[in-house]
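We name chains A, B, ... by the order of the sequence lines, and we start the count at 1 in each one.
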Protein chains: 2
Amino acid sequence: MVTIYDIAKKANVSPMTVSRVINNSGNIRLTTREKVEKAIKELGYVPNSAARSLTSNQTKTLGLILTDISNPFFSKIARGAEDAAVEVGYRVLMSNTDEDSEKEINYIDMMLSARVDGVLIAPTSDKSLDQIKRLRDHNIPAVLIDRTIEGFMGDYVLGDSYEGSRKLVEHLIDYGHRNIALINGPSNVSTARERQRGYLETLKLNDLPVHENYISEIDFKSVQAGNTQSIVEQLMQLNEKKRPTAIFAANNFIAISVMKALKELGLHVPEDISVVCFDEVEPVVYFDPFFTVAAQPASELGRIGIQFLIERVEQKNVDQERKIILPPDIHIRKSTRRMK
Amino acid sequence: MVTIYDIAKKANVSPMTVSRVINNSGNIRLTTREKVEKAIKELGYVPNSAARSLTSNQTKTLGLILTDISNPFFSKIARGAEDAAVEVGYRVLMSNTDEDSEKEINYIDMMLSARVDGVLIAPTSDKSLDQIKRLRDHNIPAVLIDRTIEGFMGDYVLGDSYEGSRKLVEHLIDYGHRNIALINGPSNVSTARERQRGYLETLKLNDLPVHENYISEIDFKSVQAGNTQSIVEQLMQLNEKKRPTAIFAANNFIAISVMKALKELGLHVPEDISVVCFDEVEPVVYFDPFFTVAAQPASELGRIGIQFLIERVEQKNVDQERKIILPPDIHIRKSTRRMK
DNA sequence: TAATTTTATGTTACCGGTAACCGAAAGCGC
DNA sequence: GCGCTTTCGGTTACCGGTAACATAAAATTA
């Protein structure tokens, strides 16, 4: 591998001069610079980041810890994040926790040994706080994305789960629905809690009773989750007065498994029952917008998250904690219908 | 930041002993090992990969160069790749070229300076060969994924575009279609060429004429591509005898923009026209399988690609070039119908 | 018990850069 | 022509590990 020493020898200067040319630091005579640049080109030299980071104490690398990039919501976050990072000269290491705190721990280890300059993370649960503290102990700033965790002090970038939830339920009520079930994600994830809060408060504000068995909890991610089937069946078996006329699915994946379950029961959406959810259902939305959703600006979340992170890394605006909460866009489409 | 020197001091041994404990190399007395491990735990030491890679000449990091992880096909590849890499102790740096060779060059530079041990790449076009050569010059193995490029010598992992294409067209012909249009990706991408070859040969084998204006080329990625509209309009303006009764879209994104274009023309699928495409249209397929597609095992492609790459990195099986071509699954669904 | 081998640990140098310091050459004022 | 300031470039040491070699202590053998 070509090093600055090879360049130095070829250009007949000291390695330090080569370093100076590369980093545009210090005073270098034009003729010397040209000699060195010629040698660099001829030998195809590329600086060794590892060596550089050893003295500079920064790697120009950021860690991205998400639950699953094959989930369109997260892949958009990842894309926005990567774009923002590259624009200002950072690399991105990616990882997928699958909502599993064991995996999360391992990835944090990986990020630590890679000496990333910062981490953008969608924590698996409140227990993640310990892991983030571990980063802190090593002076690695972390910015939370999509989810908060109790006790975390620092920046975060979120979609407004509460507000989106309120508007979705408001819309259903507006359409004449009174029996609205919520199929939520796990309550140890903040977005699930917020969506439930929005759901409950909106019902209350509209003087609608809350039925205990209207609320259930499943995994946020498994599209083919078997338990959705039984949850939906139970809801549909309630007597006519109590049977929900609308289901609020806490995210797009849950919505899809709900659709599947309803289909198996021979029910049609929206004729027999309305369905709303969080997050866009891509890419069908482009030619056949079907779901009434609260669409979150995922790519924007990723972009802002990285911007915040880099500001922390580079010690700008260290004075305050910033909490950006981006409102979702409510798109009323064909999965909801007005009650007669 | 805690180093082995801090550990050494605390445990009252030499740094080398600490290194040996960490790497399980050499002979260490049990009591010494325990002393050192205690110190490591107490100080929360994590090895510095950069320093390590400086002597070992490997970073345990792989580069993943794809066109766009927010495209479900590539995000699945990325997921499969990341999983396979982590399983054997490698990290993954990700990047998105957007089919842009400029960006590709920059990312190759990034990978070079990061001294990744290997690169898994979906090249933007045949011109990418120069970039891959640049990696070679630095002794960094590259494995191609999804696409081949002319003149490349090495491993690659592909979906069988030719075979998938043949089967899709075969299916359309079987359903009685005679006028089949192809809306292809750019011909400087191998998958587009292969899909066109499959299309042409299948027509020929069935003694169907090829109309020049049945074949058009657009971008592989922009869902909202304006030019799809005009292409579809032109096809639909052909006189009744020549007007295509089926469109073969070269990938899922093109299919979606075709659907949109057809919709704007007031045409229904499959009543007025049939549509087939490459790649699954996720995640709707789980509750409402609509498109007749040639589904590629994306995650599997990523996984195998990384396996091949790591074997190259670790110098196993260096003797031969391996070319894995995974067959797509043809799913006949509702976007195609039998001609009367 | 002395010689020899094995085990356990330390010392030194190096990986590829860069910060900090230093000195020669060139420019400048008088 | 002499002293002073800039400009330009070199030397040295260090970042945090590890390979290679060296050596002390313990175990084995003669």
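Mapping B:Thr17 and B:Tyr5 onto DNA chain C via the closest heavy atom, the residue that lands nearer the 5' end is B:Thr17. Residues B:Asn12 and A:Ile22 both approach DNA chain C. Their nearest nucleotides, taken by heavy-atom distance, put B:Asn12 toward the 5′ side.
At whole-Å resolution of the value, CE in B:Met16 and P in C:dT11 are 13 Å apart. Taking atom CZ of A:Arg33 as the reference point, atom C1' of D:dT7 lies 14 Å away to the nearest angstrom. For A:Asn23 and C:dT18, the CG to P distance is 4 Å, given to the nearest whole Å. The separation between B:Asn48 atom CG and D:dT18 atom P is 10 Å, rounded to whole Å. The interatomic distance linking B:Leu43 (CG) with D:dG16 (P) rounds to 14 Å, in whole Å. Atom CG of A:Leu54 is separated from atom C1' of D:dG16 by 5 Å (rounded to the nearest Å).
Regarding contacts with the backbone of C:dA19, every side-chain N or O of A:Thr55 stays at 4.0 angstrom or more from both OP1 and OP2. At least one side-chain nitrogen or oxygen of A:Ser14 sits closer than 4.0 Å to the OP1 or OP2 atom of D:dG10. A sub-4.0 Å separation between OP1 or OP2 of D:dC15 and a side-chain N or O of A:Ser56 is absent.
Between D:dG17, C:dT18, C:dG17, one nucleotide has an atom nearer to the side chain of B:Thr3 than all others, and that is D:dG17.
Nucleic acid contact for B:Ile28: sugar-phosphate only, since backbone atoms but no base atoms lie under 4.0 Å from a heavy atom of the residue.
Between the CG atom of B:Leu309 and the OH atom of B:Tyr90 there is a distance of 8.5 Å, given to the nearest 0.5 Å.
A donor and an acceptor atom, one from each side chain of B:Ser53 and B:Thr59, are nowhere located under 3.5 Å apart.
The residues B:Arg134 and B:Glu104 are annotated as not salt-bridged, no charged nitrogen and carboxylate oxygen being separated by less than 4.0 angstrom. Contact check on B:Asp137 versus B:Lys133 returns no salt bridge, with no Lys/Arg side-chain nitrogen under 4.0 Å from an Asp/Glu carboxylate oxygen.
Side chain A:Arg20 to base D:dG10: a donor-acceptor pair is found below 3.5 Å.
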